[in-house]
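These notes are about the structure you will find just below.
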Amino acid sequence: IILKMNNFLLGNIRPSFTFLSIVNKKNLMNRLKKRKNKNKYDKFAYSFYNKVQNGFKKQSKNRGKYIIVNSNNSIEDNKKLIISSIKNIL
């Protein structure tokens, strides 16, 4: 489903690389609780988020150009990872 959705949304556009942000259940639920204004996607059951995240993880293994960002880490650690990854690509 993820691949079909990507093809529909992106058409012939192929990114040079993609950052894939992953987060565990505890951190996801804590972040959702902190939001003042929730949208319809924020109200889905955890199983929905888990299926989507697993779909993107699977897709990232089958294709190159994915950089996994562990969103359970600190913002500073992820900032360093992202900047370093961009520098290596450029």
Would you give the length of the straight line joining atom [atom1] of [X] to atom [atom2] of [Y], rounded to the nearest 0.5 angstrom?
X: K25; Y: S47; atom1: NZ; atom2: OG; result: 9.0 Å
X: N78; Y: N72; atom1: CG; atom2: CG; result: 9.0 Å
X: N30; Y: N24; atom1: CG; atom2: CG; result: 9.0 Å
X: K33; Y: M29; atom1: NZ; atom2: CE; result: 8.5 Å
X: I67; Y: S21; atom1: CD1; atom2: OG; result: 13.0 Å

Looking only at heavy atoms, which two atoms of [X] and [Y] are closest? And how far apart?
X: D42; Y: N37; answer: OD2-O, 4.2 Å
X: Y49; Y: K43; answer: OH-N, 3.8 Å
X: S60; Y: I68; answer: OG-CD1, 3.9 Å

Under 4.5 Å between any side-chain heavy atoms of [X] and [Y], yes or no?
X: L28; Y: L32; value: yes
X: V23; Y: Q53; value: yes
X: N70; Y: D77; value: no

May I ask whether [X] and [Y] are part of the same hydrophobic cluster, defined by side-chain heavy atoms of I, L, V, M, F, W, Y residues being less than 4.5 angstrom apart, directly or through others?
X: V52; Y: Y41; value: yes
X: I83; Y: V69; value: no
X: I13; Y: F56; value: no
X: I22; Y: I82; value: no

Next on the checklist: Can you see whether F17 has K65 sitting over its ring - NZ or CZ less than 6.0 Å from the centre and within 45° of the normal?
Outcome noted: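 Here K65 fails the 6.0 Å and 45° test against F17.
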Checklist entry - Are I86 and F19 close enough, and set up right, to give a side chain to side chain contact (heavy atoms under 4.5 Å, CB included), and what steps lead you there? => result CA-CA 10 Å; I86 291 171; F19 289 104; 3.9 Å; yes
Checklist entry - What do you reckon, is NZ of K38 surrounded by more than 12 foreign heavy atoms closer than 6.0 Å? => result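 More than 12 heavy atoms, drawn from other residues, nucleotides or ligands, come within 6.0 Å of this atom.
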Next on the checklist: For the CG atom on L9, are there more than 12 heavy atoms of other groups (residues, nucleotides or ligands in this structure) within a distance under 6.0 Å?
Outcome noted: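 More than 12 heavy atoms, drawn from other residues, nucleotides or ligands, come within 6.0 Å of this atom.
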Item to check | Criterion side chain to side chain contact (heavy atoms under 4.5 Å, CB included) on Q59 and Y66, from CA distance to verdict | outcome: CA-CA 9 Å; Q59 183 176 339; Y66 276 81; 2.9 Å; yes
Checklist entry - Distance-only, no hydrogens or angles: does the N54 side chain make a donor-acceptor pair with backbone N or O of N50 under 3.5 Å? => result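 Between the backbone of N50 and the side chain of N54 there is a qualifying donor-acceptor contact (under 3.5 Å).
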